[in-house]
Amino acid sequence: MRKTTRTVIVTGAGGVGKTTISAALAIRLAEPDRRTVVMTVDPARRLADALDLHSLSNEPSPVPGVPGLWASTLDATASWEGVVQRYADPDVAERLMENHYFRAIADRFPAAQSFAGTETMATMIETGSWDAIVVDTPPSAGGLDFFLAPSQTADLIGGKLLRWLTGAQLPGRRFLYRFTGKPLLKIADTVLGGALLEDVAEFLLDLRTMYDRLAARAATIQQHQRRATTLVVTTADPAPVAEVLRFFEELTDVSISPSAVLLNRALPLAWADAAGRPLRGIPNPELRATLKANLMRWGGEARRQATAMEGLAGRYGVPLLTVPWVAEPPITVDNLSLLLDDVAGLDPIVGIR
Amino acid sequence: MLDRRLLIVSGKGGVGKSAVSAALGIIAARRGKRVLALAMVGSDGLASHLGVDSLAYDATRIRPGLYGMAVDRSHALDEYLGLQLHIARSLPTRQLSNALSVLADTAPGIREIVTMGKPIFEAWSDRWDLVIADAPPIGQLQSYLSAPQTITGLVPTGAVREQAARLETTLADPQVSSLVLVTTPEELAVQETREAIAEIDTGRQILISGVIANRVLDPLGVPQDAIVALPESPARAAGLLHTGLVEAQALWLDSIPRDDRRLPFLFGFHTPGEVAARLADILEASV
């Protein structure tokens, strides 16, 4: 029987703890009689060990110790190969797979990893075999690329470069070998070397034959994204906060509205209030002085966090949830499941009763 | 670190590489050098740590001896084609680079060589004693450092190949260029730093002249047991967080190879400009 899948997309800038939170959330969502999967991107080694992920693979494998949970690590190259095999004619697919630019471009185009992620997410939703999917996103453009990649990829393939190289009409392959007839191309050819330009053009021309099918695919992927619950993770540091603001500004273009912002590594504001008061119950004067000075510093940090978050909370009508700062990042499935225990308001947003 | 003409600064995103780039620029300028701090991609971080709103493709004076600049790829492509490849002025360079900028987005190595070329061109210029490049994050660094090799591998002959070979030689010359990696004592940052060092040791594109550990916490100097024994309070909780973080950091600090500089975690309210100035003071005092 096909299942209706609940999809949670966890996005945000690099280094804010997206992957850890995705894993923790998936463990929270998992139930023995349901099928939950977490798609990770580039997990830290110890987290990968905890999830028993040892190589890039879009194929989910069971997480030891958590009945009902599977995990995978995005393999962007495999995702692109899948795209080519699904959406290109067989002869084109074969040529593309042999083209030595294929890998290079799939790796280099800034949104390529993001597109691979969206495509893999969509494919998993469409299998109808998952109750819940938690999607960790590549950090490109603060997570924004994950939502813009479907249309950007279609644009690239239908785009300017190809029209410039080949003219408005989709030309026959033989046209390519005459393209140095154009003066501009002649210069480009001299500067870059003919072989390079020709190879790139040929590659793009092959991709172009997939355009209609890819554009339709991009539209489907965007529908999946709009139906998903999107959580934006940040820390209180200026750079990720700026990324969150940009994210909200630009996301409206693709009709995505995040369900919550998660402030990771949050400090209790009570520390800021307590920092000025005398400490009681610590008889040893040296210990008292040390802990007082320490609380002053961390209380100041808590205050700084609160100030930084003022600009975010409520601004877009989205709840701001806090995930406490823990000394050692959680790296076992038991620690992970504790991480989100005290995050008030999270469960209803992600559909946990 | 500051003795050569070109210093490239990289690290995992979010570890503070723009702050450290700005701090190194401040120190070098204090020592009487003519310094250019240049943002290779995304200039907001470097601009704010230099205390200015934005940086442009023309050098902006920050303070005596210190200038700031941001690489803008379309300008850089113009310069690359026009100035560096000596394409005859009669040719429509602007038009050509407009058209080529689309290609630069897709063809392997072009984007990177144009961006990587700029700090090297500036280092060739007599205008500066030192160019500090705030480079792309460590995950992308390799494709920038190896861009000249990528191009020489792809383009058999001609001006582009000659130019790429010249860039490669400058980067690899330990008298002229070096790389500093910034990290924090955390798993992913250290892991990526170690991987980058291993790759550069193999590829030998550039000399690594230092690794800087940023946001290092000082131990409290009281035993953790004494804190654990206290009744619950914010002071106890903050004490345990601190000692726990120090313990976790110690583990990662131990595994940072060639860790020769440590910068402290800066508590409290600081503007980005103050952060760079504080880091500069601390780095200078430690030398």
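In the text below, chain A, chain B and the rest are named by the order of the sequence lines, each starting its count at 1. What you see is a predicted model, and the numbers here were worked out from it, not measured in a lab.
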*Which bit of B:L266 comes within less than 4.5 Å of chain A, counting heavy atoms only: side chain, backbone, both or neither?*
backbone
*asked:* Is A:V16 in contact with chain B via its backbone, its side chain, both, or neither, using a 4.5 Å heavy-atom distance?
replied: neither
*chain A: which of B:G244, B:A235, B:G221, B:A248 shares the most heavy-atom pairs with it under 4.5 Å?*
B:A235
*Would you say the side chains of A:T19 and A:D136 form a donor-acceptor pair under 3.5 Å?*
yes
Tabulate below the donor-acceptor pairs under 3.5 Å that side-chain atoms of residues 286-295 of chain A make, not counting sequence neighbours, or state none.
unit_1	atom_1	unit_2	atom_2	d
A:R288	NH1	A:I282	O	2.9
A:T290	OG1	A:E286	O	2.9
A:K292	NZ	A:R277	O	3.2
A:N294	OD1	A:R297	NH2	3.3
A:N294	OD1	A:W298	NE1	3.3
A:N294	OD1	B:H242	ND1	3.2
A:N294	ND2	B:A238	O	3.1

*For B:L220, is it the side chain, the backbone, both or neither that has a heavy atom under 4.5 Å from a heavy atom of chain A?*
both
*Residue list, salt bridge (charged side-chain N to carboxylate O under 4.0 Å, His left out) with B:D44, at least two apart or on another chain*: none
_Most chain A-contacting option - heavy-atom pairs closer than 4.5 Å, from B:L188, B:L241, B:V15, B:T243_ = B:L241
*Is it true that B:E168 and B:R161 make a salt bridge, defined as a side-chain N closer than 4.0 Å to a carboxylate O?*
no
*Identify which part of A:A44 has an atom lying under 4.5 Å from any heavy atom of chain B, answering side chain, backbone, both or neither.*
both
_Which atoms of B:A189 are under 4.5 Å from chain A, going by heavy atoms: the side chain, the backbone, both sets, or neither?_
neither
*asked:* Quick check on the interface: out of B:E186, B:E192, B:Q249, B:Q191, who has the most heavy-atom pairs with chain A under 4.5 Å?
replied: B:Q191
*State plainly whether the residues A:R304 and A:E301 are in salt-bridge range, i.e. N to O under 4.0 Å.*
yes
*asked:* Just so I understand: if I count every heavy-atom pair under 4.5 Å between each of A:R280, A:M296, A:R45 and chain B, which residue has the most?
replied: A:R45
*Do B:E274 and B:R278 meet the salt-bridge criterion of a basic N to acidic O distance under 4.0 Å?*
no
_Only pairs of heavy atoms separated by less than 4.5 Å count here; which of B:S18, B:A237, B:G42, B:P231 has the most with chain A?_
B:A237
_Neighbour count above 12 (heavy atom, 6.0 Å) for B:D53 CG_ = no
